[in-house]
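Notes follow the structure.
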Amino acid sequence: MELLLIKIAVIAVLWSAGMFALNKIFSMILKRKEQIHIKFLRSISKVLLSIMACICISGLFTTTKALSATLLTSSSLLVAIVGFAAQQVLADVISGVMLSWSRPFNLGEKVNISSLGISGIVEDLTVRHTVIRTYHNSRMIIPNSVINKAIVENSNYNNDYIGNYMEIAVSYESDLDHAIEVMRDTIASHPLVADIREDRTVGNKVNVAVKELAQDGIILKATVWTENIDDNFTACSEIRRLIKMNFDAEGISIPYRHVHVVTSTSGEL
């Protein structure tokens with residue numbers, strides 16, 4: 001009995017050491033380059049290590065020794081048992097392998113799955129699930145087999161930048177050309193704004209267009225490009241504040257609706 005406990009303890013120690021080593025190795029790799037297939041490989045390695053530990057422990061008992069030996073020597077039987085008992089789990093694992101290999105999205109990328117009504121940032125790919133962080137900072141845990149069948153809109157696919165439209169209204173009384181220049185220079189000078197031009201000697205880093213002659217003012221529109229979604233939110237927030245300050249300094253007014261309240265001194269309507 002004591003020998004059995006010692007063997008179980010040795011297996012448990014080896015399993016713990018293996019888990020610790022996997023965490024350290026993959027953490028070092030992910031620090032250099034965070035890729036979704038690396039996270040999936042880490043998850044599948046932990047699962048395989050745990051399965052091996054369970055098989056080794058079951059082999060120590062007489063009642064389960066024969067079954068463990070059969071599973072280890074008969075891969076076809078193992079596949080048949082797993083396929084029959086856990087069809088959905090196996091589908092999720094295989095879909096995870098396909099997602100990891102094809103990489104329709106990567107960690108930190110903005111995706112939109114219209115069929116599921118889910119939009120957010122890809123945070124993790126486990127053996128069974130894809131984790132998406134929504135813009136409300138909640139997590140959507142989606143089975144890999146579901147997301148593998150869905151149509152995924154990826155703003156970063158074959159693209160290193162995130163773009164977000166910015167629309168600012170100016171009054172009809174303001175100098176339109178000067179307003180365009182101030183808005184363009186304000187966006188271009190922000191440190192988080194990326195220059196996506198292939199030839200940076202041609203054209204402007206930022207282009208501002210007149211989108212609409214609206215009822216309340218002239219709508220100016222530009223695209224703010226950054227390297228990731230978090231930078232984009234920060235940059236757009238700061239740029240709006242700077243545009244307001246620069247417009248005020250240059251005498252450019254942003255129109256807004258006024259409410260005039262008329263009262264009668266005699267009390268008559």
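Residues Met183 and Ala222 approach most closely at CE-CB, 4.0 Å, considering heavy atoms. The two residues Gly203 and Arg197 have their closest heavy-atom pair at O-NH1, 2.6 Å. The shortest heavy-atom contact between Ser174 and Ser253 is OG-N, 3.2 Å. Closest approach of Val170 and Pro255 over heavy atoms only: C-CD, 3.4 Å. Closest non-hydrogen pair, Ser171 versus Ile218, comes out as O-CD1, 4.4 Å. Ala150 and Ile113 make their closest contact through CB-CG2, 3.7 Å (heavy atoms, listed as atom of the first residue, atom of the second, distance).
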### Task
Starting from the C-alpha separation in whole Å, work towards a yes-or-no answer on side-chain contact (heavy atoms from CB on, under 4.5 Å) for Asp216 and Tyr256.
CA-CA 7 Å; Asp216 299 323; Tyr256 62 95; over 6 Å; no
### Message
Working note: Phe105 + Ile132, criterion side-chain contact (heavy atoms from CB on, under 4.5 Å); need CA distance, chi angles, decisive distance, verdict.
### Response
CA-CA 11 Å; Phe105 45 76; Ile132 295 179; over 6 Å; no
### Task
Output, in order, the C-alpha distance, side-chain angles, deciding distance and verdict of side-chain contact (heavy atoms from CB on, under 4.5 Å) for Ile196 and Thr223.
CA-CA 11 Å; Ile196 64 170; Thr223 305; over 6 Å; no
### Message
Please determine whether side-chain contact (heavy atoms from CB on, under 4.5 Å) holds for the pair Val210 and Ile180, giving the CA-CA distance in whole Å, both sets of side-chain angles, and the decisive distance to 0.1 Å.
### Response
CA-CA 9 Å; Val210 177; Ile180 292 174; 4.0 Å; yes
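Note: the hydrophobic cluster containing Val122 also contains Ile118 (ILVMFWY, side chain heavy atoms under 4.5 Å, direct or indirect links). Hydrophobic clustering of Ile, Leu, Val, Met, Phe, Trp and Tyr side chains at less than 4.5 Å, counting indirect connections, keeps Leu242 apart from Trp225. Ile151 and Val111 fall into different hydrophobic clusters, where Ile, Leu, Val, Met, Phe, Trp and Tyr are joined by side-chain heavy atoms under 4.5 Å apart, directly or via other members. Under a hydrophobic-cluster definition in which Ile, Leu, Val, Met, Phe, Trp and Tyr are linked whenever side-chain heavy atoms come within less than 4.5 Å, directly or via other members, Tyr172 and Val182 are assigned to the same cluster. Criterion: ILVMFWY side-chain heavy atoms under 4.5 Å apart, direct or through other members. Under it, Met166 and Leu220 are part of a common hydrophobic cluster.
Side chain of Arg139 to main chain of Val131: no donor-acceptor pair is present (N/O by atom type, distance under 3.5 Å, no hydrogens or angles). Checking side-chain atoms of Ser100 against main-chain N and O of Gly96 turns up no donor-acceptor pair under 3.5 Å. Panel note: side chain Asn164, backbone Phe233; no donor-acceptor pair is recorded below 3.5 Å. Side chain of Lys205 to backbone of Ala188: a donor-acceptor contact under 3.5 angstrom is found. The backbone N or O of Leu192 lies less than 3.5 Å from a partner atom in the side chain of His190, making a donor-acceptor pair. Remark: side-chain polar atoms of Asn144 are paired, donor with acceptor, to backbone N or O of Val127 under 3.5 angstrom. Panel note: side chain Asp92, backbone Ser145; a donor-acceptor pair is recorded below 3.5 Å. The main-chain N or O of Thr134 is never found under 3.5 Å from a side-chain atom of Ser138 such that the two would form a donor-acceptor pair.
Counting non-hydrogen atoms of other residues, nucleotides and ligands closer than 6.0 Å to CD of Gln215 gives a total of 12 or fewer.
With rounding to the nearest 0.5 Å, the separation of OG in Ser95 from NZ in Lys149 is 7.5 Å. Atom CZ of Arg128 sits about 13.5 Å away from atom CD1 of Ile142, to the nearest 0.5 Å. Rounded to the nearest 0.5 Å, atoms CG (Leu99) and CD1 (Ile94) are 12.0 Å apart. The distance from atom CG of Asn154 to atom CD of Glu109, rounded to the nearest 0.5 Å, is 4.5 Å. Between atom CG of residue Leu125 and atom CG of residue Leu107 there is a gap of 8.0 Å, rounded to the nearest 0.5 Å. With values rounded to the nearest 0.5 angstrom, Met140 atom CE is found 13.0 Å from Glu123 atom CD.
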